[in-house]
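Here the structure comes first, spelled out in structure tokens, and everything after it is commentary.
Indexing begins at 1, ligand by ligand and atom by atom, following the structure's order. Every value quoted in this text rests on a predicted model; they were computed, and no experiment measured them. Numbers for residues simply follow the sequence, beginning at 1.
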Amino acid sequence: MTEDLHQLAAEAEATLHAAKDSAALEAWRVRYFGRKGVLSDVMARLSTISREERPAYGKAANEFRQTLDAAFAARQEVLRQAELAEALAAEGVDVTLPGRPVSLGRMHPSHRTLREIYAIFAEMGFQVYDAPDVETDENNFQLLNMPPGHPARDMWDTFYTTTPGVILRTHTSPGQIRVMRQYCPEPIRVILPGMCYRYEQVTARSEMMFHQVEALAVGHNITMADLKGVVISFARKMYGEGRKVRFRCSHFPFTEPSAEVDMDCIICGGQGCRVCKYTGWLEIMGCGMVHPVVLRNGGYDPDVYSGFAFGMGVERPAMLKYRINDIRYFFANDARFLEQFV
Ligand code: FA5
């Protein structure tokens, strides 16, 4: 390197050393490496000097450039490390701070109610049987004594899948066929819990999807007295000894005789409110003796066997129990509602 270039390099290194942050480093870079910077001047001088001096000057100019490059890279690394250390010190994790509380999930009120129902029926010797939500039209209607075109189907319009004859079940009753076909000719005492789906107007007491629990008992000499005994005993265990229960004649194609069961409305104490449609009573289930056609479809000879069945909602009893005045809260996914059930 020529004397001048030595001196220029020394100056450059001194100013580089004085650069204390990335802004100053950038200013230095522009000053030395920029288009009109010092290095560019040094290189431009090559064309102005004599042919004899050129090789020595060219070599010196290259060394000058290498010196600057190396010095810049080293300074850049020093500043990067310093800035990183500073940022880490400023943003350091304080390990002594208390952790963030983990929010715990809670049992959904429908499931709490289901568990209470399971426990009561378990005491009476009923096992839980799982049947699918997506059912065949055959199980949901036909084998339950509702052939295509039967007017009772109008009460249970539903959602259809793209597979012909496959629907979302409107009630848990199709599970009766599955249990009977699986266990025939054994006696049966099961409950069948699960979701049901109906294409209907959503109101304070009716949802498009809701839970039901079906009960089915099949055996010898089972009578309506057994049905009433089980239903009343269930209602008293679930809602307290003083509960009023009434059986109202009704019709279901898959039971004969059939009845509907009402309980006095706990929300209004029987005075009449929006939930009980101002009657003082809330319908909690449909029931009856298993129809001979259904017994036969399940594989049981109706001359030898008899049975009872009932199907109840789950959200409506939960509304009674927890004094919830609108069924829509159950599936609205509002945490403020769900958090109340600890
Ligand atoms: C049935 O679904 C019959 N399968 C019940 C049955 C089973 C009768 C076995 C005889 C033998 P129903 O449509 O009434 O019946 O419904 C039974 C219960 O489900 C009602 O009492 C109610 O508690 C509940 N439920 C019915 N529709 C809705 C709805 N849209 N929203 C919430 N709960 C409902």
Are any of the side-chain nitrogens in [X] or [Y] under 4.0 Å away from the carboxylate oxygens of its partner?
X    : Y    : value
D334 : R328 : no
R80  : E83  : no
E241 : R236 : no
D157 : R198 : no

Report task. Would you please classify the geometry between the F341 ring and the Y322 ring as parallel, tilted or perpendicular, with 30° and 60° separating the classes? Result -> perpendicular
Report summary line: Cluster membership besides V93, Ile/Leu/Val/Met/Phe/Trp/Tyr side chains within less than 4.5 angstrom, sorted by chain and number, is V95
For ligand 1, list all ligand N or O to protein N or O distances below 3.5 Å, rounded to 0.1 Å.
| residue | atom | partner | partner atom | Å |
| --- | --- | --- | --- | --- |
| ligand 1 | 2 (O) | R198 | NH2 | 2.8 |
| ligand 1 | 2 (O) | Q212 | NE2 | 3.1 |
| ligand 1 | 4 (N) | H171 | ND1 | 2.8 |
| ligand 1 | 4 (N) | S173 | OG | 2.9 |
| ligand 1 | 13 (O) | W156 | NE1 | 3.1 |
| ligand 1 | 13 (O) | R198 | NH1 | 2.8 |
| ligand 1 | 13 (O) | R198 | NH2 | 3.0 |
| ligand 1 | 16 (O) | Q212 | NE2 | 3.3 |
| ligand 1 | 19 (O) | Q212 | NE2 | 3.1 |
| ligand 1 | 21 (O) | E283 | OE2 | 2.6 |
| ligand 1 | 23 (O) | G313 | N | 3.2 |
| ligand 1 | 27 (N) | R198 | NH1 | 3.3 |
| ligand 1 | 30 (N) | E200 | OE2 | 2.7 |
| ligand 1 | 30 (N) | E207 | N | 3.4 |
| ligand 1 | 30 (N) | E207 | O | 2.9 |
| ligand 1 | 31 (N) | E207 | N | 3.0 |

